6 protein chains.
Amino acid sequence: MQATKKASESYTIMTEMVLPNDTNTLNNLKGGVMLHWIDVCGAISAQKHCNKVVVTASVDNVSFQEPIKLGNIVTLESKVTRAFNSSMEVHIEVFAEDIPNQTKKKTHEAFYTYVAIEANGKPVKGITELIAESELERNYFKTALQRRQLRLVLAGRMKPKEATELMKIFGE
Amino acid sequence: MQATKKASESYTIMTEMVLPNDTNTLNNLKGGVMLHWIDVCGAISAQKHCNKVVVTASVDNVSFQEPIKLGNIVTLESKVTRAFNSSMEVHIEVFAEDIPNQTKKKTHEAFYTYVAIEANGKPVKGITELIAESELERNYFKTALQRRQLRLVLAGRMKPKEATELMKIFGE
Amino acid sequence: MQATKKASESYTIMTEMVLPNDTNTLNNLKGGVMLHWIDVCGAISAQKHCNKVVVTASVDNVSFQEPIKLGNIVTLESKVTRAFNSSMEVHIEVFAEDIPNQTKKKTHEAFYTYVAIEANGKPVKGITELIAESELERNYFKTALQRRQLRLVLAGRMKPKEATELMKIFGE
Amino acid sequence: MQATKKASESYTIMTEMVLPNDTNTLNNLKGGVMLHWIDVCGAISAQKHCNKVVVTASVDNVSFQEPIKLGNIVTLESKVTRAFNSSMEVHIEVFAEDIPNQTKKKTHEAFYTYVAIEANGKPVKGITELIAESELERNYFKTALQRRQLRLVLAGRMKPKEATELMKIFGE
Amino acid sequence: MQATKKASESYTIMTEMVLPNDTNTLNNLKGGVMLHWIDVCGAISAQKHCNKVVVTASVDNVSFQEPIKLGNIVTLESKVTRAFNSSMEVHIEVFAEDIPNQTKKKTHEAFYTYVAIEANGKPVKGITELIAESELERNYFKTALQRRQLRLVLAGRMKPKEATELMKIFGE
Amino acid sequence: MQATKKASESYTIMTEMVLPNDTNTLNNLKGGVMLHWIDVCGAISAQKHCNKVVVTASVDNVSFQEPIKLGNIVTLESKVTRAFNSSMEVHIEVFAEDIPNQTKKKTHEAFYTYVAIEANGKPVKGITELIAESELERNYFKTALQRRQLRLVLAGRMKPKEATELMKIFGE
């Protein structure tokens, strides 16, 4: 395994067309289908960073604000933000495009985490370190610690009062 | 629309069998497929509460701890926890069962929110109020406010310092 | 294998949403999709009773009387009615619900049989006996013999004149 | 609508390859998938006879005796056996072939009925009469009445004692 | 392996119904779905000729001239035209039928080639020779050499000036 | 409609993961699935160039040389090569990647053509002209005429002796 890898080396683009079975009775893309696509795109980025099979470990809060219509082209772009010992956080952005009407908008942003798995089924120890280069990458790298604490608190594996990064934000 | 409805009236059970296309190369259920199933089950509960078409508004943090194998039977159970003006929060629990080996375990728990939509495509105003009866239902009803503030903060629509419910938890 | 098990222990609920690909050109659920869903629900009940892998052995006459529309929620409920040496009969009821319009109706009722299979691929000998408790369960348990004879006659494995249970019904 | 049409004019051949998602954990075709394929093939034969949209009205008893393996080629052949006022009975035969091993066997035989539907959604009155030519076709044409009575009895729409065709078979 | 086999022994008929997910936003069958169906039908013909597993080696130019509508019945018919040492060329014809409107038209014609594969994953050497009987079969058998040269030239594995069969057509 | 557009503006990347249902019995991607994915990717490029709905008009010869395995990540990249009056030719390249084994190879190259369609269902007249910039783009632009003549000859809409561009290649 390489000692370090750049965030940009995990960059992945995925494109999907919204088909009838992907829509609800309003002819808009169902939320669950979107969550699935984000998961696949993020997993490919995570694989590219660690060169291992990966499994989804968590999805952070995702909100759905604008409907995506039948026939729209959905583009997903993802990059690893930070590697921990066995897991990686991935940032995914989603854009929906109605090409004949020439409209394109950013519809979602999400953070998913993945665990890298060895051939024997055990989690990898010591994933390649991630090098954040651009200002945006460095910002995601830094704030990854806050999101990690929030995940641990929400999963009941860290006490709120020990979440030092979160206390800085929510505490007085 | 009825003035009030019990949480138990929205109770929904969904059963899925893990098929080959649902699995990753380790023969375990892919995270994205699970997120999709949870979304469908939760949407049915939300529809039962408000008797309207609903669309997914957000998914809260979900963590994946134990793999679910090919051929397992997955059971999802959901109930609305609280109704707001136009939206509802739904709690979904997921169980995976290997029937020949007689093992059954709870694998996930999630909170999704849905917005109720009128026939004209606008959000419903004034969804039926939810009556929480059991102790567990009353607890989810009460903590729904905290989760709601967390969603607003994470979506950038509330400042952390205004999230009074969260400050009680993370603040000193 | 347990010596006996209650009918209610095999109770299974499955929920499906009617998607575009499930419908015919009239926007109604196709009969074949319904037969498939019933098969899956019944198989899970059969598995629960015998704790073995099961394969479908037969489907009895199923009639389709009312159309089920795109977007409807279909709920299937199944329970084993009687266990024979290697096979089980399962009773499945199907309900279709148009939640926004608040209509729910029972649309189908079916009997499927399943054979329990050992790990070596051979049929199990001596499946756990089924205990019918409610009046309805006892009735299905009793009439299972008639349906079994009808299946054997229709499959050409019993002569009509030996079908003593059927002769009681159709004979003079 | 033509006054008469030959059975052979509704002859339909359908071919399917057994894919991973079509199989159970024993790598054999699931019963429900087979019931679905039979339904589609029969519906095409029924459409060919009446030149109308058709919906499935019933499936008769189908038994599953030999497993069909992943990768097998499944061939379905169907023909209308008899036309009634608004409905048609279709006979479907199914063959499974393992081409590299040069084995081919008949695995199923089924009778499905379909109702022809007008553009206004109402059942057609007075479907084209069917002309049975071969000895086999004439036999299916004749025994169609027995199967029709059995369906009515099983659906609770005819009393066993009025099922004169069945009494000839099961009565003393 | 048999020394020779007739073209007609590889004859295959496949039937598909155009479902919502198979269509573009104009409600017509997508080209890619058609290319997929042709591939499956041709592969079955190739398997029938050589009694081996086959893999697609090439698809020749296919043009799409008339739209095929949602709900249409698509029938594919295929036959091997010529066997080479390890590969076979298959001719596939496609018909689309709107049964309620009683229209049927030929929509496509294609030539695909397949390589026969041994159990060890290597190409078969010396496939059964094909006997062309009808005039049409003999014509396809003869022109197979031209199409083969065109494929080799287009794949960059033969120089245009060595394509003697093509020079007869395009040369002066 | 814009008067001109650069080739690079139609650049599209699509990513797919090879799932069980996409494979043949050798666990390799089926040719027909690949032809389908290429079609979708190319259609998106064509849409981007003309900002209209497009339908597939033809696929040129595609050859399959190396198997793509279950679990591989397939990346497709496409760009319009030349616009004609109502149609566009698109060049698509396909790469298959086994990320854990760190192998990536180019597996296919294809030319598909698409017709742009107005809202009234008629072909667009006078598609935006394409500007080829890089040397490769200019080369594809120039040779598009040869491929177009070959398509016309193969579809029987041009006589070989009128195919002046092809005669230069194959003629003496």
Side-chain angles (χ1 to χ4, degrees), chain A residues 1-2 5 9-19 22 36-56 69-78 80 88 92 94-104 114 116-121 124 127-128, chain F residues 1-2 5 9-19 22 36-56 69-78 80 88 92 94-104 114 116-121 124 127-128:
Chain A
M1 206 176 272
Q2 294 172 243
K5 231 173 183 174
E9 294 180 62
S10 67
Y11 182 56
T12 300
I13 298 179
M14 203 170 106
T15 311
E16 296 284 340
M17 190 180 286
V18 181
L19 292 177
D22 303 328
H36 184 192
W37 291 347
I38 296 175
D39 180 55
V40 173
C41 190
I44 296 173
S45 275
Q47 275 198 31
K48 286 183 182 171
H49 180 73
C50 66
N51 288 118
K52 299 282 175 183
V53 169
V54 304
V55 299
T56 311
K69 309 299 295 177
L70 178 62
N72 276 196
I73 303 303
V74 175
T75 310
L76 302 102
E77 301 185 24
S78 59
V80 176
M88 290 148 285
I92 307 107
V94 185
F95 303 87
E97 195 169 359
D98 177 335
I99 296 180
N101 288 327
Q102 301 189 52
T103 62
K104 182 170 182 172
Y114 300 87
I117 302 287
E118 298 286 7
N120 63 10
V124 170
I127 289 176
T128 300
Chain F
M1 205 177 271
Q2 294 173 244
K5 231 174 183 174
E9 293 180 63
S10 67
Y11 181 57
T12 300
I13 299 180
M14 200 170 106
T15 310
E16 295 284 341
M17 190 181 286
V18 181
L19 292 178
D22 304 326
H36 184 193
W37 290 347
I38 296 175
D39 179 55
V40 174
C41 191
I44 297 173
S45 274
Q47 274 198 30
K48 285 183 183 171
H49 180 72
C50 66
N51 286 119
K52 298 282 175 184
V53 169
V54 303
V55 299
T56 312
K69 310 298 295 177
L70 178 62
N72 276 195
I73 302 303
V74 175
T75 310
L76 301 102
E77 301 185 24
S78 59
V80 176
M88 292 148 284
I92 308 107
V94 185
F95 303 87
E97 194 169 0
D98 178 335
I99 296 180
N101 288 327
Q102 301 188 51
T103 62
K104 182 170 182 171
Y114 299 87
I117 302 288
E118 298 285 7
N120 64 9
V124 170
I127 289 176
T128 300

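Small disclaimer: the values here were computed from a predicted structure and weren't measured. Per chain, numbering begins at 1; letters A, B, ... match sequence-line order.
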Where on A:Ile73 is there a heavy atom nearer than 4.5 Å to chain F: the side chain, the backbone, both, or neither?
-> side chain
Top of F:Asn101, F:Leu76, F:Thr15, F:Thr75 for chain A proximity - count of heavy-atom pairs under 4.5 angstrom | F:Thr15
Nearest-0.5 Å distance, CD of residue A:Glu16 to CD of residue F:Glu16 = 5.5 Å
So, the part of A:Met17 with a heavy atom under 4.5 Å from chain F: the answer is side chain
When F:Ile99 is tested against each of A:Ile44, A:Val53, A:Val54 for side-chain contact (heavy atoms from CB on, under 4.5 Å), which residue passes?
-> A:Ile44
In terms of heavy-atom contacts, F:Pro100 and A:Gln47 come closest through CD-OE1, 3.8 Å
